[in-house]
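Read the structure below first, then the notes.
Computed from a prediction, not measured in an experiment: that's the story for all the values here.
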Amino acid sequence: YLLLIRPQQVRQKRHQEMLRRLQVNDQVVTVGGILGSIVKIKDDSVVVRVADNVRIEVLKSAIAQVTKKAESAAEDAK
């Protein structure tokens, strides 16, 4: 239990918390390796801008990680 199940539960809990904290303008990476910026957040999905005038809608569960939070992205733009 301690070697197999518990670490998986901890990872799953961290991933769920990350998904709850998603904000517009966060830089994200999907499980498919697509990099982009969140434009709109819906109930079970998000709209991600991957290039100028290119937006895709992905499930929240397909987001692997947040690379930059909205606050740090705004500071980088200055």
Nearest-0.5 Å distance, NZ of residue Lys69 to CG of residue Asn25 = 11.5 Å

Treating Ile, Leu, Val, Met, Phe, Trp and Tyr as nodes and any side-chain heavy-atom pair under 4.5 angstrom as an edge, say whether Leu22 and Val39 lie in one connected cluster.
-> no

Is Val66 reachable from Leu35 through a run of I, L, V, M, F, W or Y residues, each pair having side-chain heavy atoms under 4.5 Å apart?
-> no

Identified side chain to side chain contact (heavy atoms under 4.5 Å, CB included) partner of Gln65 from the options Val31, Val28, Val29 | Val29

What distance do Arg14 atom CZ and Leu19 atom CG have between them, rounded to the nearest 0.5 Å?
-> 13.0 Å

Would Ile38 and Leu59 show up in the same hydrophobic cluster when neighbours are defined by side-chain heavy atoms closer than 4.5 Å?
-> no

Gln12 versus His15: any side-chain heavy-atom pair under 4.5 Å?
-> no

Taking atom CZ of Arg20 as the centre, report whether more than 12 heavy atoms of other residues, nucleotides or ligands fall under 6.0 Å from it.
-> yes

For side chain to side chain contact (heavy atoms under 4.5 Å, CB included), just list the numbers for Gln16 and Lys13, CA-CA rounded to whole Å, side-chain angles, deciding distance to a tenth of an Å, and then say yes or no.
-> CA-CA 5 Å; Gln16 291 298 325; Lys13 192 177 243 187; 5.8 Å; no

Ser45-Glu57 side chain donor-acceptor pair, cut-off 3.5 Å | yes

Atom pair CD1/CZ of Ile56 and Arg49 - distance to nearest 0.5 Å = 12.0 Å

Hydrophobic cluster identity match, Val47 and Met18, side-chain contacts under 4.5 Å = no

